[in-house]
Number of protein chains: 2
Amino acid sequence: MKIGEFANQLGVSTDTLRYYEKHNLLTPSSRTEAGYRDYGEATLKQMKFILRAKNVGFSLAEIKELLQIKFKKHQHSCHEVKDLTIQKRDLVAERIAELTRFHQSLSVLADKCCGGQEPADNCSILTTLEDIDGLTQ
Amino acid sequence: MKIGEFANQLGVSTDTLRYYEKHNLLTPSSRTEAGYRDYGEATLKQMKFILRAKNVGFSLAEIKELLQIKFKKHQHSCHEVKDLTIQKRDLVAERIAELTRFHQSLSVLADKCCGGQEPADNCSILTTLEDIDGLTQ
DNA sequence: CTTGACCTTGGTGTGTACTCTAAGGTTTAT
DNA sequence: ATAAACCTTAGAGTACACACCAAGGTCAAG
Ligand SMILES: [Zn+2]
Ligand SMILES: [Zn+2]
Ligand SMILES: [Zn+2]
Ligand SMILES: [Zn+2]
């Protein structure tokens, strides 16, 4: 299968596939005589693995680690895999906590403002940002 | 006040201040004869505004908009300011939702894996990513 | 045999918020 | 007078995950 058809089947761009190849995430099985990339069953499975890993939030760098483990499963432990997963989960949790603080602060700000059409001279969003410390502390 | 002292007082780097200046977020009141940046009260207040806005999650681009409104309050309405705030809040909410899905999926994965020291040949994290569709659907 | 659709490589651009470097000028203290 | 500590500019580098481009080669259909 040439790159275009392969990309279509997976709903990604050919650029993405070349990018993944360049970054050692997915190498096509072989090349045709003309030098065209030739994708097969194995690459299809691997690409699906990558897309699923992306779907649960892993970055490409992390997926690369997962792939290396997957390639040589007997050289790695469950512990290692679970560790990667937990670390990622905790990182995501931290980010969620930060964004939740943002959301809370923004809600407080928005609730203070009347949102009317009059000039913003006394807008409480602006005055709060000007005057008050510790909005998020 | 020269840039170094100013930066120290605010807990940011001199690079950051020059960066903000380049991107029209904060211009020092004046320059000394030698061409050194000279920061005063007004810039201090404005920098605090910027830092507070950052603390509630606004990006520098959004802060720039807020500053432009702040400079000419009578030319802008409360509505405008509230709109910016609400838009940002909703964007943050979306991102939280996405990350929460990630967190959920990662938790499910982690729970499936024993995390032991044995080889990862049968690791359910890997087999799940290999085999199952619709982890997040 | 030419048109159009596909493929190749290498390189640049995007957005975010800085950080770092090079090469040099100024100020302050000793 | 000289060294340390500060300041200046312009420009490059970082991370992330691609998207886009130019210049050219290949392939199937009409
Ligand atoms: Zn109002
Ligand atoms: Zn208002
Ligand atoms: Zn196990
Ligand atoms: Zn496992």
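Below, read A as the first sequence line, B as the second, and so on, with proteins coming before strands; counting in each chain starts at 1. Everything quoted here is computed from the prediction, not taken from an experiment.
For the pair A:Leu17 CG and C:dC7 P, the interatomic distance rounds to 10 Å; values are reported in whole Å. Between the P atom of D:dC18 and the CD1 atom of A:Ile3 lies a distance of 14 Å, rounded to the nearest Å. Remark: C1' of C:dT27 and CE of B:Met1 are 18 Å apart, rounded to the nearest angstrom. The nearest whole Å value for the distance from the OH atom in A:Tyr36 to the P atom in D:dA28 is 9 Å. Atom pair B:Glu21:CD and C:dA17:P shows a separation of 18 Å (rounding to whole Å applied). Computed from coordinates, the A:Tyr19 OH to D:dA19 P distance equals 10 Å when rounded to whole Å. For the pair A:Asp38 CG and C:dT8 C1', the interatomic distance rounds to 15 Å; values are reported in whole Å. For A:Leu25 and D:dA17, the CG to P distance is 10 Å, given to the nearest whole Å.
Counting non-hydrogen atoms under 4.0 angstrom, A:Arg18 reaches a base of the nucleic acid.
The salt bridge (Lys or Arg N to Asp or Glu O under 4.0 Å) with B:Glu130 is formed by just one residue from the set A:Lys73, A:Lys45, A:Arg52; it is A:Lys73.
In terms of phosphate contacts, A:Lys64 brings no side-chain nitrogen or oxygen within less than 4.0 Å of OP1 or OP2 of D:dC16. The side chain of B:Arg37 contributes an N or O atom lying less than 4.0 Å from OP1 or OP2 of D:dT9. Of the side-chain N and O atoms in B:Lys22, none sit less than 4.0 angstrom from OP1 or OP2 of C:dT19. Between A:Ser13 and the phosphate of D:dA19, there is a side-chain N or O to OP1/OP2 separation shorter than 4.0 Å. At the phosphate of C:dA17, neither OP1 nor OP2 sits under 4.0 Å from any side-chain N or O atom of B:Tyr20.
When each of C:dC20, D:dA19, C:dC18 is scored by its nearest atom to the side-chain atoms of B:Asp15, the top-ranked nucleotide is C:dC20. The side chain of A:Thr16 sits closest to D:dA19 out of C:dA17, D:dA19, D:dC27.
Salt bridge annotation for B:Lys2-B:Glu5: absent, with no cationic side-chain nitrogen under 4.0 angstrom from a carboxylate oxygen.
Annotation: the span from B:Gln87 atom CD to B:Asp83 atom CG amounts to 5.5 Å, rounded to 0.5 Å.
Counting heavy atoms from C-beta outward, A:Leu60 and A:Tyr19 have side chains that approach closer than 4.5 Å.
Ranked by how close their nearest DNA chain C nucleotide is to the 5' end, B:Ala34 and A:Arg31 are led by A:Arg31.
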Can you list the steps and then say if A:Leu44 with A:Tyr39 is a side chain to side chain contact (heavy atoms under 4.5 Å, CB included)? CA-CA 7 Å; A:Leu44 185 67; A:Tyr39 294 90; over 6 Å; no
